[in-house]
There are 2 protein chains.
Amino acid sequence: MKPREDIQNIYQTALAVFSEYGYQKATMEDIAGRLGMTKGNLYLYVKNKKDLYRKTVANALLCWQSRVLEAVGAETDVREKFRIMCAKAVQYLSEDNLLRNLLVRDPEIFPMFADRDPYAGINRNSVALIRSILQQGIDEGVFRPIDPDRISEVIFMIYKMFIIRMYIRAEDDRLHAMFEDTVDLCTRGLFSENA
Amino acid sequence: MKPREDIQNIYQTALAVFSEYGYQKATMEDIAGRLGMTKGNLYLYVKNKKDLYRKTVANALLCWQSRVLEAVGAETDVREKFRIMCAKAVQYLSEDNLLRNLLVRDPEIFPMFADRDPYAGINRNSVALIRSILQQGIDEGVFRPIDPDRISEVIFMIYKMFIIRMYIRAEDDRLHAMFEDTVDLCTRGLFSENA
DNA sequence: AAACAATTAAACAGTTTGTTTATTTATTTA
DNA sequence: TAAATAAATAAACAAACTGTTTAATTGTTT
């Protein structure tokens, strides 16, 4: 007979608790209580608190990422793919109060300058998505023949900078406008074609 | 030489911490840290944690109440006084994220049906304000000669019901409209004067 | 009814917290 | 400038809490 509790539900519930209280103040008893079980039972589903936290965060980042992937996949025009990717990445985060609040509480999840990125694997997937769109654009002759490896890292760095600014001050609408400006600048360039 | 820390600042800082984490998870070390002192020092300013919480809440309720009192005092027409009192009471709470969040975490602060009200003294002041406006209106012949003692309790009960509904679901705009409907119903009655 | 699975309740070691107090640092006074 | 006083920190302490494990109980399946 399989376990009665779904691990996805555990991650979602854990996310809510970690988001509200942060890693330190959230207790295994809090999470177990929200799940309607005792903390002893929770240990049958998860290794320990730190592992639960790490997996909870990873799960949330993956969900966010896969939503973007899905939105992009629905497009055919490579330029639209790029624009959709940029727009949805930001939109889906702004809609996810739990993940955003968690990022506020634990900025190390998504560091700007840290030596080591705890979720590097997941972020590499994001870079890979960017790279695949750039490559497709170049192959179709719709994008200029830039270095897709390097430029995908650059785009991810810029994107990350905006994400960090946005979740710190979610209500600053100027940031959204500036982000759109940046997408426009990257896609259409600065120079007028007639110059 | 007087204490270096202002008790009002302590209450305001404590409110922020209790609001964010709730009484249980908030620690004296959290509060002291926000104040830039050690928890040992904090005990020179406050008796103990429970006492600090009680006074912090009382202080927040008094601030809210005195802002309403001040807005009402600026009016001369008794009908406007009544409308302003109703409107500002709700508006000031909706603007106070810290107090509202604290009420969400600890509904016993402002109970609907509890046997005992922990802040009865402060709430009696609110009832007294309502009563004084009703009495002035009756004295001036502008209000119908209702029982000011009883009706002030009734108005406070209705007001409390709305407050509780509002801080539980702060984003439900229908409640604001319904509250205004209620104020209108109370002030102008249901029957048309021409009937 | 027995076996197995899932969960709870209890236990435990380590950590944290509320509170107090000894010590140190800062300020004032003579 | 030294002594006295005030304010704060650091350390201590008892109690409570927490992460984790395990014995006992309850639920389900065979």
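From a predicted model like this one, the values you see are computed outputs, not experimental measurements. As a basis for the values below, the full set of heavy atoms in this structure was taken, side chains included, without hydrogen atoms, waters or symmetry mates. The sequence lines fix the lettering, A, B, ..., with proteins before strands; numbering per chain opens at 1.
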Selection: residues 49-58 of chain A, any non-hydrogen atom under 4.0 Å of DNA chain C: none

Quick one: ring pair (Phe, Tyr, Trp, His ring centres under 6.0 Å) partners of B:F162, sequence neighbours excluded? B:F179

If I take atom CE in residue B:M37 and atom P in nucleotide D:dA10, what distance separates them, rounded to the nearest angstrom? 14 Å

Answer yes if the side chains of A:Y43 and A:N48 hold a donor-acceptor pair under 3.5 Å, and no otherwise. no

Considering residues at least two apart in sequence or located in another chain, which fulfil the salt bridge (Lys or Arg N to Asp or Glu O under 4.0 Å) criterion with B:D139? none

Salt bridge (Lys or Arg N to Asp or Glu O under 4.0 Å) partners for B:E153, two or more places apart: none

Assign the ring pair B:F18 / B:Y23 to parallel, tilted or perpendicular, where the plane angle (0 to 90°) is split at 30° and 60°. parallel

Those residues that, when tested against B:D30, pass salt bridge (Lys or Arg N to Asp or Glu O under 4.0 Å) (two or more places apart): A:K25

Note, DNA chain C 5' to 3' with Watson-Crick or G-U pairs under 3.5 Å encoded as ( ), [ ], | and . gives ||||||||||||||||||||||||||||||

So, does B:S19 use its side chain to make a donor-acceptor pair with the main chain of B:L98 at under 3.5 Å? yes

Going by side-chain hydrogen bond (donor to acceptor under 3.5 Å, both in side chains), name the residues that satisfy it together with B:E140, two or more places apart in sequence or in a different chain. B:Q136

Is it the case that B:Q12 and B:N59 place a side-chain donor and acceptor less than 3.5 Å from each other? no

Contacts of type salt bridge (Lys or Arg N to Asp or Glu O under 4.0 Å), residue A:R150, not counting sequence neighbours: A:D147

I'd like a list of close polar pairs between nucleotides 20-25 of chain C and the protein, N/O only, cut-off under 3.5 Å.
none

Can you name the residues that form a ring pair (Phe, Tyr, Trp, His ring centres under 6.0 Å) with B:Y159, not counting sequence neighbours? B:F156

Go through residues 15-35 of chain B and report each residue with a non-hydrogen atom lying under 4.0 Å from DNA chain C, sorted by number. B:A26, B:T27, B:M28

Sorted by chain and residue number, the side-chain contact (heavy atoms from CB on, under 4.5 Å) partners of A:D181 (sequence neighbours excluded) come out as none

